[in-house]
Amino acid sequence: MFIQSLLLVALALGCSCKPPNIVFLLTDDQDLLLGGTSPMAFTRTFLGEGGAKLANFFVNTPVCCPSRTTLLSGTYPHHWHTVGHPDCMHMNVTDSIYQESTIGVLMHKLGYTTGMFGKFLNPGGMDPYCYHRERLPGFDTYLAMCNDNQYYNNIFTRDGVMLLTGDDPKDYLTSVIGNATLEFVDASLSSGKPFFAYVAPHAPHVPATPAPWYEDVFKGYKAPRTENYNYSALDHHYVVRMQQPLSNEEGEEVDLLFQNRWRTLLSVDDIMISLVDTIGKYGELDNTYFVWTSDHGYQLGQFRLPSCKLQPYEHDIRVPFYIRGPGIPPSSTFGFVAGMIDVAPTIVSLAGSSAKAFETMDGQSFLDLLTSDEASRKQKQAAWKDKIMLEYWSLGDVIRYDHYIDMPNSTYIGARLLNDTHNFLYAEFYDGVNVDLFDWPLERELFDIAADPFQMTNLIGTDKEDKALVQELHDFIHWQVTCRGPESCV
């Protein structure tokens with residue numbers, strides 16, 4: 001039945017070819033608004049000129065494990081929230097229901113040869129696979145990280161067998177991940193079966209250690225001094241308004257981190273160069289989808305926060321999203337709103353599955369918005385959503401460069417609204433990591449991003465606060481934070 005669905009999509013695309021291959025590239029902490037895509041010149045050009053980019057793609061949760069939980073399952077983090085799994089940022093990703101509903105399982109059922117390489121989840125979520133030797137659900141072969149936050153001397157599970165790397169140049173993390181990916185892709189193409197490659201390098205996550213051959217590039221580069229860089233935002237929520245100014249020394253550390261983040265991304269670009277070369281040798285480029293995004297954005301001094309993510313602001317939630325492949329119009333940019341919640345259903349759609357395959361997901365496939373003719377696309381976009389739900393449970397007291405970047409009172413739910421007449425960000429903040437009843441917020445924030453693109457003026461309590469809009473967004477997020485499935489999740 002699954003192979004039949006793959007053949008049907010091939011026929012619908014007007015070819016007698018085998019079903020399309022899919023390469024999914026997920027970077028770690030790669031921003032969009034601070035120039036984070038600049039080092040990946042080949043990837044950006046190959047996907048951008050040969051395919052499409054989404055101008056308004058947002059993550060639903062700007063932190064690693066919850067965002068990956070959403071990506072892998074197409075469901076909101078509130079489904080899996082628990083205080084019993086602090087190592088995976090309150091996500092119960094060892095739940096058997098979760099494990100069996102992830103994208104690898106679905107793609108395998110669709111007849112794909114599946115491979116996963118790099119960071120699947122944070123270490124706490126990897127315990128069953130790394131230390132209890134369970135297989136990673138849905139993947140025929142994998143090289144999955146068991147640790148994080150280092151680029152040498154890493155621990156992997158390779159198809160259930162522990163693998164330790166050293167500190168030689170050949171052990172550089174991104175290279176190890178890239179080489180394993182290429183081995184899988186080459187073997188899959190040789191077999192003639194369609195493949196799904198989930199490629200998740202750790203770059204540019206801290207400590208952002210560059211490969212030895214890239215250590216000297218980008219010297220003297222500085223992190224962008226945006227309008228909200230080192231800005232005192234006294235009308236924002238507590239962890240932001242209490243920030244002390246960044247010192248000159250801290251600013252220099254931010255600049256060095258910025259340089260190293262870019263350096264690490266050069267190695268990610270190398271992976272894509274090699275993948276395109278390998279797939280091209282088999283004549284499969286026109287029968288392969290390439291998708292690239294990041295698990296969330298980043299901050300480098302914005303609102304005096306020296307580094308990290310976690311906040312509901314644009315630099316943390318707006319991320320790159322590029323896609324190239326059969327039926328995707330080249331050199332195109334789409335303005336509709338989409339989120340991480342929509343990635344899994346979209347990828348399953350690329351594989352030719354019907355909506356039934358993702359009926360338990362909260363997100364929706366946006367493939368039709370990319371591939372329809374212009375008249376149909378406008379009609380479908382008019383019926384598409386204009387809001388993205390945001391939800392974040394505090395990680396407690398988190399300190400970077402002697403600055404608190406998170407506190408227990410930083411849990412929030414929010415909405416990013418964007419349509420022809422409105423461009424707003426709204427968030428409600430709560431106290432505690434175990435919030436499951438969002439009743440009385442400690443603080444609220446509303447930003448008119450069209451007029452205030454750097455979110456420097458909170459409109460709550462001012463004469464510019466649109467109370468009707470606030471009520472609408474309040475009702476939306478309190479509905480969404482308990483929704484389940486596409487029928488109830490808007």
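In this chain, residues are counted from 1 in sequence order. Every heavy atom of this structure was used, including side-chain atoms; hydrogens, water molecules and symmetry mates were not.
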| said: Would Arg158 and Glu183 count as a salt bridge (Lys or Arg N to Asp or Glu O under 4.0 Å) here? Give the steps. | reply: CA-CA 13 Å; Arg158 180 155 199 163; Glu183 181 182 338; 3.3 Å; yes
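- For the pair Arg261 and Tyr298, the cation-pi criterion (under 6.0 Å, within 45° of the ring axis) is fulfilled.
- For Tyr401 and His403, the gap between ring centers reaches or exceeds 6.0 Å.
- Taking the ring axis of Phe476 as reference, the NZ or CZ atom of Lys387 stays within 45° of it and closer than 6.0 Å to the ring centre.
- Counting only distance, with no hydrogens or angles, the side chain of Arg324 and the backbone of Val291 share no donor-acceptor pair below 3.5 Å.
- Interatomic distance, CE of Met272 versus OG1 of Thr181, reported as 10.0 Å (0.5 Å rounding).
- Side-chain atoms of Ser67 do not come within 3.5 Å of backbone N or O of Cys64 as any donor-acceptor pair.
- Atom CG of residue Leu246 and atom CD of residue Glu252 lie 12.0 Å apart, to the nearest 0.5 angstrom.
- Looking only at distances, no side-chain donor or acceptor of His296 sits under 3.5 Å from a matching main-chain atom of Leu310.
- Minimum heavy-atom separation, Gln99 to Pro137: O-CB, 3.5 Å.
- Side-chain contact, Asp140 with Thr114: a donor N or O sits under 3.5 Å from an acceptor N or O.
- Using modelled atom types, no side-chain atom of Thr61 and backbone atom of Tyr392 make a donor-acceptor pair closer than 3.5 Å.
- Between His205 and Tyr151, the ring centre distance reaches or exceeds 6.0 Å.
- Residues meeting the disulfide (SG to SG under 2.5 Å) test with Cys308, sequence neighbours left out: none.
- Partner Phe321 forms a ring-ring contact (aromatic ring centres under 6.0 Å, His included) with one of Phe57, Phe24, Phe58 and no other, that one being Phe57.
- In this structure, Leu182 CG and Ile279 CD1 are separated by 9.0 Å, a value rounded to the nearest 0.5 Å.
- The pair Arg68-Asp295 meets the salt-bridge criterion, with a side-chain N (NZ, NE, NH1 or NH2) lying under 4.0 Å from an Asp/Glu carboxylate O.
- Within a 6.0 Å sphere centred on CG of Leu256, other residues, nucleotides and ligands contribute more than 12 heavy atoms.
- For the residue pair His237 / Glu445, no side-chain donor-acceptor distance below 3.5 Å is found, with atom types taken as modelled.
- Checking side-chain atoms of Asn122 against main-chain N and O of Gly124 turns up no donor-acceptor pair under 3.5 Å.
- For Trp262, there are no side-chain hydrogen bond (donor to acceptor under 3.5 Å, both in side chains) partners at least two apart in sequence or on another chain.
- Separation of the Phe195 and Tyr112 ring centroids does not fall under the 6.0 Å cut-off.
- One distance of note links OG1 of Thr69 with NE2 of His78; it measures 13.0 Å at 0.5 Å rounding.
- Taking 4.5 Å as the limit, every side-chain heavy atom of Phe218 sits out of range of all side-chain heavy atoms of Asn260.
- Counting only distance, with no hydrogens or angles, the side chain of Gln259 and the backbone of Val217 share no donor-acceptor pair below 3.5 Å.
- Proximity of a side-chain donor or acceptor of Ser294 to a complementary backbone N or O of Gln30 within less than 3.5 Å is detected.
- Side-chain contact check for Thr226 and Gln302: at least one donor-acceptor pair (N or O, by modelled atom type) lies under 3.5 Å.
- Atom NE2 of His202 is separated from atom CG of Asn147 by 7.5 Å, given to the nearest 0.5 angstrom.
- Between Phe46 and Phe42, the ring-plane angle classifies as parallel under the 30° and 60° cut-offs.
- With sequence neighbours excluded, the residues forming a side chain to side chain contact (heavy atoms under 4.5 Å, CB included) with Leu33 are Glu314, Arg318, listed by chain and number.
- Within 6.0 Å of the CH2 atom in Trp479, the count of heavy atoms belonging to other residues, nucleotides or ligands does not exceed 12.
- Between the side chain of Asn179 and the backbone N or O of Ser175, at least one donor-acceptor pair lies under 3.5 Å.
- Classification of the Phe366-Trp384 ring pair by plane angle, with boundaries at 30° and 60°, yields perpendicular.
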| field | Step-by-step ring pair (Phe, Tyr, Trp, His ring centres under 6.0 Å) determination, Tyr221 to Phe258 | value | CA-CA 8 Å; Tyr221 281 48; Phe258 173 78; 7.1 Å; no
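- A salt bridge does not link Asp362 with Arg484: none of the charged nitrogens is closer than 4.0 Å to a carboxylate oxygen.
- Here Cys130 pairs with Cys146 under the disulfide (SG to SG under 2.5 Å) rule; sequence neighbours left out.
- Counted by atom type alone, Glu391 and Asn60 present zero donor-acceptor pairs between their side chains at under 3.5 Å.
- Ser190 is linked by a side-chain hydrogen bond (donor to acceptor under 3.5 Å, both in side chains) to Tyr282, counting only residues two or more places apart in sequence or in another chain.
- Between the side chains of Ser267 and Thr174, no donor-acceptor pair is found at a separation under 3.5 Å.
- Within a 6.0 Å sphere centred on OH of Tyr238, other residues, nucleotides and ligands contribute 12 heavy atoms or fewer.
- Between Tyr198 and Phe117, the ring center distance fails the sub-6.0 Å criterion.
- Between Cys65 and Leu121, the closest heavy-atom pair is SG-CD2, 4.0 Å.
- A side-chain donor-acceptor contact under 3.5 Å links Asp159 to the backbone of Tyr142.
- In this structure, the side chains of Leu189 and Asp186 stay at 4.5 Å or more apart for every pair of heavy atoms.
- Checking Val481, Ile477, Ile317 one by one against Leu390, the side chain to side chain contact (heavy atoms under 4.5 Å, CB included) holds for a single residue, Ile317.
- Under the salt bridge (Lys or Arg N to Asp or Glu O under 4.0 Å) criterion, Lys193 pairs with no residue at all, not counting sequence neighbours.
- Applying the 6.0 Å contact sphere to CG of Asp168 captures more than 12 heavy atoms from other residues, nucleotides or ligands.
- Figure legend: Arg44 and Tyr322 shown without cation-pi pairing, the cationic atom not lying both under 6.0 angstrom from the six-membered ring centre and within 45 degrees of its axis.
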| task | Check step by step if ring pair (Phe, Tyr, Trp, His ring centres under 6.0 Å) holds for Tyr412 and Tyr430. | result | CA-CA 6 Å; Tyr412 63 82; Tyr430 296 81; 9.7 Å; no
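- Checking side-chain atoms of Thr346 against main-chain N and O of Asp342 turns up a donor-acceptor pair under 3.5 Å.
- The CG atom of Leu275 lies 10.5 Å from the CG atom of Leu285; values are rounded to the nearest 0.5 Å.
- There is no side-chain donor-acceptor pair under 3.5 Å between Asn228 and Gln455.
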